[in-house]
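See below for the structure under consideration.
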Number of protein chains: 2
Amino acid sequence: MTTKWLSQAEQASWRNYILTAHDLAAALEADLAVHDLTMGDYEVLVWLSEAEDNRMRMCDLAQSLQLSPSGLTRRLDGMVKAGWVERASCAQDRRVMYAHLTTTGRAKMEAAAPTHVDSVRRHVLDPLGAEGVAQLGEIFGRIREHLLELELTRV
Amino acid sequence: MTTKWLSQAEQASWRNYILTAHDLAAALEADLAVHDLTMGDYEVLVWLSEAEDNRMRMCDLAQSLQLSPSGLTRRLDGMVKAGWVERASCAQDRRVMYAHLTTTGRAKMEAAAPTHVDSVRRHVLDPLGAEGVAQLGEIFGRIREHLLELELTRV
DNA sequence: GATAGGTACTTGCGTGTGCAACGAACCATA
DNA sequence: TATGGTTCGTTGCACACGCAAGTACCTATC
């Protein structure tokens with residue numbers, strides 16, 4: 001515990017981040033809502049569309065989405081009902097279930113992607129410019145490294 | 001809609017942000033848990049402790065916390081039960097309720113603050129350095145400005 | 001090949017949240 | 001002073017999520 005409090009500048013930066021991150025997420029969510037999609041569902045579509053054979057094991061997908069196993073089970077329930085995803089069992093390991101993107105799901109994703117990309121561009125990339133975007137990646141990359149590092153020493 | 005997809009660099013920066021923000025929030029939450037506090041409760045304590053007379057109107061507090069009115073009502077329910085906050089009515093305007101920090105609540109906040117400050121320092125400020133922290137503030141300040149701007153034109 | 005330990009997914013339960021509806025109180029205008 | 005519109009807070013409802021427990025299955029060891 002080096003110093004008890006944050007400096008004025010530190011405080012200001014940190015609050016900027018906290019406040020903005022919340023509103024930014026809300027803005028992206030709102031833009032996606034015209035497709036009747038949540039960010040959560042959209043991310044599932046994206047991950048599956050980028051995966052080999054358009055499918056992923058539940059556990060891998062949950063980790064990619066930073067979601068608990070039960071959370072993913074229920075999110076998929078909705079997406080299966082919507083027809084965007086199918087469950088498929090695995091012959092090699094009968095414990096695992098694949099989440100498989102349907103053609104309907106792919107179409108949904110392709111319809112929504114431009115909206116979302118545009119949203120990210122408008123809200124984040126354009127205001128920052130190339131340099132700012134690079135800094136953003138650099139900053140959170142560094143935080144990420146430290147998080148993983150601290151996590152390792154804890155175990 | 002300038003370009004349909006993000007460039008490699010844009011994609012990487014953006015994903016760094018998405019993934020890290022989630023884990024960072026979880027890390028801060030975990031550090032605060034040793035005081036049996038959530039980030040949500042902690043933020044209430046901080047806002048009230050910085051407010052005049054250690055109290056705020058519910059509607060103002062909800063806005064500060066980026067919380068819906070009903071969300072704040074229920075969060076306060078728990079904090080009142082814990083003895084950290086009291087509700088007080090307002091003589092001038094009998095619609096409003098004040099959330100008032102108790103001495104117990106202040107003690108709770110002062111006990112937890114060093115832990116949280118240290119947590120922010122370890123996870124964010126130290127890895128970034130003064131320059132990185134300034135960039136962080138700058139970046140989210142700019143995003144914030146654009147968000148507000150877009151919101152105004154929408155109305 | 002039996003048994004112990006680990007892994008993958010699901011289900012029950014509790015929690016935190018937003019939206020919509022509501023009652024109470026305020027305020028502006030007639 | 002009556003009235004219509006607005007604001008403040010709470011409550012009913014729905015939903016998304018995590019944790020813990022349970023089930024089915026795999027794998028290593030004897």
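Naming convention: chains lettered A, B, ... in sequence-line order (proteins, then strands); numbering from 1 in each chain.
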Here the distance between atom P of C/dG18 and atom CG of A/D23, to the nearest Å, is 12 Å

Per the under-4.0 Å heavy-atom filter, residues of residues 65-81 of chain B near DNA chain D come out as B/P69, B/S70, B/T73, B/R74

Identify every side-chain donor-acceptor pair in residues 36-44 of chain A under 3.5 Å, counting partners at least two apart or on other chains, and give the distances.
from	atom 1	to	atom 2	distance (Å)
A/T38	OG1	A/G40	N	3.4
A/T38	OG1	A/D41	N	3.1

### Query
Looking only at atom types and distance, does a side-chain atom of A/T115 sit under 3.5 Å from a main-chain N or O of A/L32, one as donor and one as acceptor?
no

Exercise for review: For B/D31 and B/H123, test the side chains for any donor-to-acceptor distance below 3.5 angstrom and give the result as yes or no.
Suggested key: yes

Residues in residues 46-63 of chain A with a heavy atom under 4.0 Å of DNA chain C, by number, are A/R57, A/M58, A/C59

What pairs of nitrogen or oxygen atoms, one from the protein and one from nucleotides 22-24 of chain C, lie under 3.5 Å apart?
none

| Charged N to carboxylate O below 4.0 Å: is that the case for A/R122 and A/D118? | yes

Exercise. Could you walk me through whether A/N16 and B/L136 pass the side-chain contact (heavy atoms from CB on, under 4.5 Å) test, one step at a time?
Key: CA-CA 8 Å; A/N16 255 4; B/L136 179 71; over 6 Å; no

The complete set of side chain to side chain donor-acceptor pair (under 3.5 Å) pairs with one or both residues in residues 90-101 of chain A, sequence neighbours excluded, reads A/D93-A/R95

Q) Ion pair present between B/D60 and B/R57, side-chain N to carboxylate O less than 4.0 angstrom? A) yes

- Residue pair B/K108 / B/T102, side-chain heavy-atom distance below 4.5 Å: no

- Aromatic plane relationship, B/F140 with A/F140 - under 30° parallel, 30 to 60° tilted, over 60° perpendicular: perpendicular

Min and max contacting nt of DNA chain D in 5' to 3' order, chain B heavy atoms within under 4.0 angstrom, are D/dT7 to D/dC13

**OP:** Establish, from distance only, whether the side-chain atoms of A/R106 and A/N54 form a donor-acceptor pair under 3.5 Å.
**Re:** yes

A/E29 near the nucleic acid: base, sugar-phosphate alone, or nothing, with a heavy-atom cut-off under 4.0 Å? nothing

*Check whether NZ of the Lys or CZ of the Arg B/R15 lies under 6.0 Å from the centre of the six-membered ring of A/W47 and within 45 degrees of that ring's axis.*
yes

message: Can you confirm whether A/E50 is buried at CD, in the sense that more than 12 heavy atoms of other residues, nucleotides or ligands lie under 6.0 Å from that atom?
response: yes

Quiz item: Is A/R55 salt-bridged to A/E86, cutoff N-O under 4.0 Å?
Solution: no

